[in-house]
Student: 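One structure is given below, represented as structure tokens, and several questions about it will come after.
Ligands are counted one by one from 1 in listed order, and the atoms in each one are counted from 1 as well. Both backbone and side-chain heavy atoms feed into the values below; hydrogens, waters and symmetry mates do not.
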Amino acid sequence: MNAPTLLVTGAAGFIGSHTVIELLTAGFQVVGVDNFSNSDAKAVDRIQALKTEVLDLRGVNFKFYKADVRDAKALEEIFKTHVVHGVIHFAGLKAVGESFEHPLAYWENNVGGTMSLLKVMQEQNVKNLVFSSSATVYGIPESLPIKEEASTHAFSPYGQTKLVCEHLLEDFAKANKDWNISLLRYFNPVGAHESGLIGELPNGVPNNLMPYVTQVAAGWRDQLSIFGSDYDTPDGTCIRDFIHVVDLASGHVAAVQAMLSNLETHPLNAPKFSINGLNIFNFGTGYGVSVKELVETFESVTGQKLKHAFVERRQGDVPAVFADARKAKEFLGWEAKKGVDQMCSDAWKWQLNLKQTEVKA
Ligand code: NAD
Ligand code: UDP
């Protein structure tokens with residue numbers, strides 16, 4: 001009996017690479033696709049090394065193709081070469097600030113890429129899809145913690161593309177009742193694999209907090225700017241629901257296990273959870289941590305003093321965001337387990353493994 005095969009788009013990226021490892025560990029075969037627009041071939045080498053040399057996962061395969069998800073012909077070839085049971089679609093552009101400068105690129109890549117993939121999946125009769133959405137679709141939350149039924153509103157072109165893809169997939173699911181589609185709204189993924197062999201390496205100056213923190217600690221950047229200290233929060237800095245990327249990755253395994261629960265070739269004989277049709281899940285921890293708390297935790301866990309300054313608020317930042325994470329626990333049997341200490345120590349371990357030459361201007 002062969003284990004099911006999952007196609008992972010954006011497999012060389014931050015969340016994709018960690019999810020590939022968790023899928024392989026769970027017994028899935030994985031086919032990865034990436035165009036390296038925000039990653040490079042070294043990420044694929046690192047995944048292969050972690051898989052084979054460290055984790056000794058020899059019974060499962062990770063096959064990788066450099067391809068763009070908007071290239072329908074390339075996708076078709078991949079689907080014809082492998083019997084694909086489901087797709088996890090990470091590929092996309094994700095920088096909020098950049099999306100204001102290049103809205104067309106964001107719409108074309110994120111919406112165009114999803115449409116292209118969906119069409120090929122339909123042609124090839126592959127009916128299980130996990131889509132990477134984001135907590136950004138909640139805009140300024142009306143209440144906390146944020147439930148999946150909360151109203152949605154996008155502030156940036158990036159957020160718009162995520163919301164439009166969600167609407168597209170909702171329409172598609174209504175017309176195709178035999179499909180299983182999971183929309184996963186991630187909160188703030190941080191950290192790295194505990195081996196320190198894979199992690200987050202954004203191109204150029206990081207936009208996100210954790211990679212900026214680790215790069216300051218490593219001496220790659222002068223100091224951290226903490227955006228805003230006058231928010232209406234206990235310590236004046238923003239509050240976020242930081243989630244360890246390995247927890248997030250294992251959540252994807254739980255989602256595909258539940259979606260593929262009726263497959264005869266499932267690696268688990270009797271998956272406990274089963275979902276059908278279109279489902280939306282928050283992927284967060286359920287608790288908020290302030291930016292200041294995260295910085296202090298990083299300092300105490302790693303012993304690194306972090307040069308930082310409190311500066312003006314960053315445009316568009318929402319004061320406090322954290323998930324109601326109970327639905328994923330109830331329907332997928334998954335919840336995040338790792339704490340902020342581990343998020344910081346694993347991110348630092350990864351940073352220490354990187355060489356200065358890895359930074360792209
Ligand atoms: P990432 O940039 O590290 O990974 C995305 C990968 O997709 C990159 O390797 C990139 O080269 C690839 N890619 C982009 N466009 C492509 C295309 N057209 N064809 C093929 N490959 C393409 O980002 P990530 O943090 O791993 O995010 C993965 C997904 O999760 C994205 O869709 C992102 O919007 C979403 N998300 C991320 C966060 C976050 O904070 N990291 C939060 C919420 C949602
Ligand atoms: N942040 C910061 N300095 C940085 C990057 C981020 O103070 O260099 C803050 C940002 O204002 C927000 C929080 O850290 O309050 C998380 O930001 P990030 O960009 O990581 O994720 P977001 O929540 O915006 O998706």
Side-chain angles (χ1 to χ4, degrees), residues 8-20 32-41 43-44 65-71 74-75 88-97 99 105-106 108-114 116-117 130-137 155-156 158-159 161-162 165 184-190 198-203 205-213 215-216 221 223-229 231 233 237-243 245 248-249 252 283-284 288-292 294-295 308-322:
V8 176
T9 74
F14 174 44
I15 307 172
S17 57
H18 289 83
T19 302
V20 168
V33 172
D34 204 296
N35 68 354
F36 296 144
S37 59
N38 196 34
S39 53
D40 60 33
V44 178
Y65 295 90
K66 184 180 177 206
D68 194 301
V69 290
R70 290 164 295 178
D71 182 346
L75 284 185
I88 305 182
H89 181 36
F90 292 108
L93 302 175
K94 63 161 184 175
V96 173
S99 75
Y106 271 70
E108 197 186 31
N109 202 14
N110 294 2
V111 181
T114 302
S116 154
L117 174 68
V130 174
F131 175 73
S132 293
S133 190
S134 167
T136 195
V137 300
F155 280 117
S156 64
Y158 166 69
T161 65
K162 289 291 168 192
C165 285
L184 305 183
R185 294 175 176 161
Y186 313 150
F187 281 66
N188 285 63
V190 295
I198 56 171
E200 187 171 15
L201 184 57
N203 282 337
V205 181
N207 292 296
N208 295 116
L209 181 63
M210 186 63 98
Y212 211 105
V213 163
Q215 293 192 11
V216 170
R221 317 252 165 230
Q223 70 170 14
L224 173 74
S225 296
I226 296 182
F227 301 132
S229 53
Y231 284 100
T233 58
T237 65
C238 287
I239 291 175
R240 292 291 179 271
D241 185 338
F242 298 101
I243 174 167
V245 66
L248 192 73
H252 288 75
F283 270 20
V289 171
S290 78
V291 172
K292 191 160 175 276
L294 185 109
V295 168
H308 62 274
F310 292 95
V311 301
E312 290 293 292
R313 293 180 178 196
R314 183 171 70 177
Q315 197 191 358
D317 274 344
V318 177
V321 179
F322 53 94

Student: Look at atom 29 (C) of ligand 1 and find which of Tyr106, Phe131, Phe283, Phe90 reaches it with the closest heavy atom.
Tutor: Phe90
Student: Write out the residue and atom name of the closest protein heavy atom to atom 5 (C) of ligand 1, then the distance separating them to 0.1 Å.
Tutor: Gly92 O, 4.0 Å
Student: Number the atoms of ligand 1 from 1 as they appear, then name those within less than 4.0 Å of a heavy atom of Phe36, with their elements.
Tutor: 11 (O)
Student: Is Asn208 in polar range of ligand 1, meaning some N or O pair under 3.5 Å apart?
Tutor: no
Student: Minimum distance, heavy atoms only, to atom 38 (C) of ligand 1: which one of Ala67, Pro189, Pro202 is it?
Tutor: Pro189
Student: For the pair Ser132 and His89, evaluate side-chain hydrogen bond (donor to acceptor under 3.5 Å, both in side chains) and give the outcome as yes or no after the intermediate values.
Tutor: CA-CA 6 Å; Ser132 293; His89 181 36; over 6 Å; no
Student: Please could you name the atoms of ligand 1 that Gly10 approaches to less than 4.0 Å, counting only its heavy atoms?
Tutor: 6 (C), 7 (O)
Student: Report the distance from atom CG of Leu209 to atom CZ of Phe242, rounding to the nearest 0.5 Å.
Tutor: 5.0 Å
Student: Would you say Ser37 touches ligand 1, if touching means a heavy atom closer than 4.0 Å?
Tutor: yes
Student: To the nearest 0.5 Å, tell me how far Ser99 OG sits from Tyr158 OH.
Tutor: 9.0 Å
Student: If I apply the N/O under 3.5 Å rule, does Phe14 come out as touching ligand 1?
Tutor: yes
Student: Can Thr9 be said to touch ligand 1, with heavy atoms closer than 4.0 Å?
Tutor: no
Student: For the backbone of Ala12 and the side chain of Asp34, can you confirm whether one donor and one acceptor N or O come within less than 3.5 Å of each other?
Tutor: yes
Student: Taking the six-membered ring for Trp, are the ring centroids of Tyr186 and His252 within less than 6.0 Å of each other?
Tutor: yes
Student: Below 3.5 Å, N or O to N or O, backbone or side chain included: is there any such pair between Ser39 and ligand 1?
Tutor: yes
Student: Got Phe155 and Thr136 here, is their nearest side-chain heavy-atom distance under 4.5 Å?
Tutor: no
Student: Is Asn35 reaching over with its side chain to a backbone N or O of Ser37, donor-acceptor style, under 3.5 angstrom?
Tutor: yes
Student: Where the side chain of Ser133 meets the backbone of Leu184, is there a donor-acceptor pair that is under 3.5 Å apart?
Tutor: no
Student: Using distance alone, determine whether Ser133 and ligand 1 share an N or O pair under 3.5 Å.
Tutor: no
Student: Could you list which atoms of ligand 1 come closer than 4.0 Å to a heavy atom of Arg70?
Tutor: 18 (N)
Student: Quick test: of every protein heavy atom, which one is nearest to atom 17 (C) of ligand 1, and how far off is it to 0.1 Å?
Tutor: Asn35 ND2, 3.3 Å
Student: If you compare all heavy atoms of Phe187 against all heavy atoms of Phe322, which two are closest, and at what distance to 0.1 Å?
Tutor: CE2-C, 3.7 Å
Student: Could you tell me the residue and atom name of the protein heavy atom closest to atom 37 (C) of ligand 1, and the distance to it rounded to 0.1 Å?
Tutor: Ile15 CD1, 3.8 Å
Student: Distance from Tyr65 atom OH to Thr9 atom OG1, nearest 0.5 Å?
Tutor: 15.0 Å
Student: Starting from atom 4 (O) of ligand 1, which protein heavy atom do you reach first, and at what distance in Å?
Tutor: Gly13 CA, 3.3 Å
Student: Which residue and non-hydrogen atom of the protein lie closest to atom 25 (O) of ligand 1, and at what distance in Å?
Tutor: Lys94 NZ, 2.8 Å
Student: Decide whether a cation-pi geometry holds between Arg185 and Phe283; the criteria are a distance under 6.0 Å from NZ or CZ to the six-membered ring centre and an angle within 45° of the ring axis.
Tutor: no
Student: Quick one: side-chain hydrogen bond (donor to acceptor under 3.5 Å, both in side chains) partners of Thr161, sequence neighbours excluded?
Tutor: Asn110
Student: Would you say ligand 1 has an N or O under 3.5 Å from any N or O of Val69?
Tutor: yes
Student: With only distance considered, is His89 within less than 3.5 Å of ligand 1 through an N or O on each side?
Tutor: no
Student: Students should be able to answer this: which protein heavy-atom is nearest to atom 33 (C) of ligand 1, and at what distance?
Tutor: Tyr158 OH, 3.6 Å
Student: Are Ala135 and ligand 1 in contact, using a heavy-atom cut-off of under 4.0 Å?
Tutor: no
Student: Ignoring hydrogens and geometry, is there a side-chain-to-backbone donor-acceptor pair from Tyr106 to Ala95 under 3.5 Å?
Tutor: yes
Student: Among side-chain atoms of His308 and Ser225, is any donor-acceptor pair under 3.5 angstrom?
Tutor: no
Student: Does ligand 1 have any atom sitting under 4.0 Å from a heavy atom of Val33?
Tutor: no
Student: Return the residue, atom name and 0.1 Å-rounded distance of the protein heavy atom closest to atom 8 (C) of ligand 1.
Tutor: Asp34 OD2, 3.5 Å
Student: Counting only N and O atoms by type, is there a donor-acceptor contact under 3.5 Å from the side chain of Thr233 to the main-chain atoms of Ile239?
Tutor: no
Student: Starting from atom 2 (O) of ligand 1, locate the nearest protein heavy atom and write down its residue, its atom name and how far away it is, to 0.1 Å.
Tutor: Asn38 ND2, 2.7 Å
Student: With the threshold set at under 4.0 angstrom, would you say Asn109 reaches ligand 1 through any of its heavy atoms?
Tutor: yes
Student: What's the spacing between Leu248 CG and Asn188 CG if we round to 0.5 Å?
Tutor: 10.5 Å
Student: Show me the short polar-atom pairs for ligand 2: any N or O of it lying under 3.5 Å from a protein N or O, with distances only.
Tutor:
| from | atom 1 | to | atom 2 | distance (Å) |
| --- | --- | --- | --- | --- |
| ligand 2 | 3 (N) | Ser225 | O | 2.7 |
| ligand 2 | 7 (O) | Ser225 | O | 3.4 |
| ligand 2 | 7 (O) | Phe227 | N | 2.9 |
| ligand 2 | 11 (O) | Asp317 | OD2 | 2.5 |
| ligand 2 | 17 (O) | Arg314 | NH2 | 3.4 |
| ligand 2 | 19 (O) | Asn208 | ND2 | 3.2 |
| ligand 2 | 19 (O) | Arg314 | NH1 | 3.4 |
| ligand 2 | 19 (O) | Arg314 | NH2 | 2.9 |
| ligand 2 | 20 (O) | Asn208 | ND2 | 3.3 |
| ligand 2 | 20 (O) | Leu209 | N | 2.9 |
| ligand 2 | 21 (O) | Asn188 | ND2 | 3.2 |
| ligand 2 | 23 (O) | Asn188 | ND2 | 3.0 |
| ligand 2 | 23 (O) | Arg240 | NE | 2.6 |
| ligand 2 | 24 (O) | Arg314 | NH2 | 3.0 |

Student: Ser134 heavy atoms, cut-off 4.0 Å: which ligand 1 atoms fall inside?
Tutor: 43 (C), 44 (C)
Student: Please report the interatomic distance SG(Cys238) to CD1(Ile226), rounded to the nearest 0.5 Å.
Tutor: 10.5 Å
Student: Say you draw a straight line from CG of Leu201 to CD of Gln215; how long is it, rounded to the nearest 0.5 Å?
Tutor: 7.0 Å
